[in-house]
Amino acid sequence: MLLLTAILVGGVIVASIAMAVEMLRSGVDPRDSEAIQAMTERLKTRPWLLVAGVMISSTLGLAAALLGGFLSPKPLKERLRLEKGTPVPAWAWGAALVGCFTLGQAMESLSVLTGVWDYTASLKGLQATSQGPFATFALLLFFGTLVAGTAEELFFRGYVQTRLVERWGRTAGIAGAATLFGILHLDPIHSPMALVMGLFLGWLAERTGSLRLPIFVHILNNLTSFLVSRYAPSTAQLPTSVHVTLLAVCSLVFVGVVTALRRMDARSPEPAVLAGS
């Protein structure tokens with residue numbers, strides 16, 4: 001709740017400053033509601049404003065995870081699950097990444113086929129920002145991949161999930177952390193997608209007993225998404241038949257990846273649920 005409040009307050013402050021600067025620059029009368037509304041709509045499409053939002057949320061998430069880790073009676077690396085964990089075969093790193101890619105594409109194709117893709121503001125905003133000026137795109141790459149990928153895994157799969165698993169057990173703990181992960185994306189379409197992705201990343205963390213694999217997967221997934229958005233045509237514009245094929249193929253590949261990862265000889269010990277919780 002504190003993290004969500006901080007993100008919302010930070011976003012409001014940045015938006016208010018942007019609005020004030022735009023009003024001074026354009027000379028809009030604050031009493032002219034129509035002009036204010038039109039200016040607000042223009043600001044929503046400004047790439048730098050969305051990048052500022054990504055910078056705020058990722059930086060605050062990283063700070064919250066590190067602060068919680070430092071305040072914990074457990075050592076920081078243990079509390080945030082930064083230790084090596086159980087050994088993972090080399091092929092599992094690539095398989096986990098493919099699983100993340102295919103899960104993301106399957107959810108995007110499903111959203112396009114069901115018509116709900118049009119209701120997402122954050123995903124469309126990220127795609128538009130990826131096509132903006134290179135300086136803005138470079139900031140988006142840094143804060144949206146390296147910082148956000150690390151911060152979100154440290155906070156949700158490290159700080160939050162480990163505690164929930166101790167309290168509720170492995171399945172409920174993964175689901176609880178993934179639900180919070182989805183809510184923090186603050187978008188009617190992006191949030192459910194993030195929840196499902198959070199289940200996969202949370203399962204990887206529990207499977208390996210470490211955040212190293214989830215962080216690797218998360219960062220490269222975000223990086224690939226931004227690069228594809230900038231340098232490749234939008235997949236949302238593909239024909240219905242292509243999305244049907246993508247949904248079927250990606251779903252099958254994802255099931256195959258999960259099956260293969262379940263069979264690998266790497267599983268962290270089942271945590272003991274706290275008595276009386």
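Side-chain atoms are counted along with the backbone in the values below, which use heavy atoms only and exclude waters and symmetry mates. None of the values given here were measured: they were computed from a predicted structure. This chain uses plain numbering: 1 for the first residue, then up along the sequence.
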If two hydrophobic side chains count as joined below 4.5 Å and joins carry through other members, does Phe254 share a cluster with Met264?
yes

Tell me the salt bridge (charged side-chain N to carboxylate O under 4.0 Å, His left out) pairs involving residues 95-123, sequence neighbours left out?
Asp118-Lys124

With clusters defined by side-chain heavy atoms of hydrophobic residues (ILVMFWY) lying less than 4.5 Å apart, directly or transitively, does Ile7 cluster with Leu49?
yes

Are any non-hydrogen side-chain atoms of Leu66 and Leu80 less than 4.5 angstrom apart?
yes

Indicate, with yes or no, if Leu3 and Leu62 share a hydrophobic cluster defined by side-chain heavy-atom contacts under 4.5 Å among Ile, Leu, Val, Met, Phe, Trp and Tyr.
yes

Kindly give the heavy-atom pair with the smallest separation between Trp91 and Ala260, and that separation in Å.
CH2-O, 3.4 Å

Donor-acceptor pair, distance only, cut-off 3.5 Å: does the side chain of Ser57 make one with the backbone of Val54?
yes

Which atom of Ser109 lies closest to which atom of Leu246, heavy atoms considered
OG-CB, 3.5 Å

Does any N or O in the side chain of Thr136 come within less than 3.5 Å of the main-chain N or O of Gly132, such that one atom is a donor and the other an acceptor?
no

Report the distance from atom CG of Leu67 to atom CG of Leu2, rounding to the nearest 0.5 Å.
10.0 Å

Any donor-acceptor pair under 3.5 Å from Thr120 side chain to Ile189 backbone:
no

Under 3.5 Å donor-acceptor, Ser225 side chain and Asn221 backbone
no

Salt bridge or not for Glu166 and Lys74, using N-O below 4.0 Å?
yes

Val112 vs Met107 side-chain heavy atoms within contact, under 4.5 Å:
no

Is the shortest side-chain heavy-atom distance between Leu4 and Leu180 below 4.5 Å?
no

Under 4.5 Å between any side-chain heavy atoms of Leu123 and Trp117, yes or no?
yes

Evaluate Trp203 against Arg262 for side chain to side chain contact (heavy atoms under 4.5 Å, CB included), listing each step before the verdict.
CA-CA 10 Å; Trp203 177 74; Arg262 281 175 60 86; 3.4 Å; yes

Reported CZ-to-CZ distance for the pair Arg81 and Arg212, which is rounded to 0.5 angstrom
13.5 Å

If you look at every heavy atom in Val14 and Ala52, which pair is closest and at what distance?
CG1-CB, 4.0 Å

Atom OG1 of Thr162 and atom CD of Glu206: how far apart are they, to the nearest 0.5 Å?
8.5 Å

Under 3.5 Å donor-acceptor pairs involving side-chain atoms of residues 139-151, not counting sequence neighbours:
unit_1: Thr145; atom_1: OG1; unit_2: Leu141; atom_2: O; d: 2.0
unit_1: Thr150; atom_1: OG1; unit_2: Leu146; atom_2: O; d: 2.7

Show, in sequence, the C-alpha distance, side-chain angles and deciding distance for Leu204 and Leu261, and conclude whether the side chain to side chain contact (heavy atoms under 4.5 Å, CB included) test is met.
CA-CA 9 Å; Leu204 289 178; Leu261 292 174; 3.9 Å; yes

Look at the side chain of Glu152 and the backbone N and O of Ser58, then say whether any donor-acceptor pair between them is shorter than 3.5 Å.
no

Between CG of Leu213 and CZ of Arg207, what distance do you get to the nearest 0.5 Å?
11.5 Å

For Ala96 and Val217, which heavy atoms make the closest approach, and how far apart are they?
CB-CG2, 3.8 Å

Please report the closest heavy-atom contact between Leu126 and His190, naming both atoms and the distance.
CD1-CE1, 4.4 Å

Do Leu201 and Phe155 belong to the same hydrophobic cluster, where Ile, Leu, Val, Met, Phe, Trp and Tyr are linked whenever their side-chain heavy atoms lie under 4.5 Å apart, directly or via other members?
yes

Taking the side chain as every heavy atom from C-beta outward, state whether Leu154 and Leu82 have any atom pair closer than 4.5 Å.
yes

Any side-chain heavy-atom pair from Phe156 and Leu184 closer than 4.5 angstrom?
yes

Fit a plane to each ring of His185 and Phe181, take the angle between them on a 0 to 90° scale, and name the class: parallel (under 30°), tilted (30 to 60°) or perpendicular (over 60°).
perpendicular

Arg79 side chain vs Tyr159 backbone, donor-acceptor pair below 3.5 Å
yes

CZ of Phe101 to OG1 of Thr224, rounded to nearest 0.5 Å, is 3.5 Å

Are Tyr119 and Leu186 co-members of a hydrophobic cluster defined by side-chain heavy atoms under 4.5 Å apart?
yes

If you take all heavy atoms of Ser234 and Gln127, which pair is closest and at what distance?
OG-OE1, 4.0 Å

Kindly compute the distance separating CZ (Phe216) from OG (Ser210), expressed to the nearest 0.5 Å.
13.0 Å

Pairwise salt bridge (charged side-chain N to carboxylate O under 4.0 Å, His left out) hits with a residue in residues 224-246, at least two apart
none

Tell me, do Thr102 and Val249 make a side-chain contact under 4.5 Å, heavy atoms counted?
no

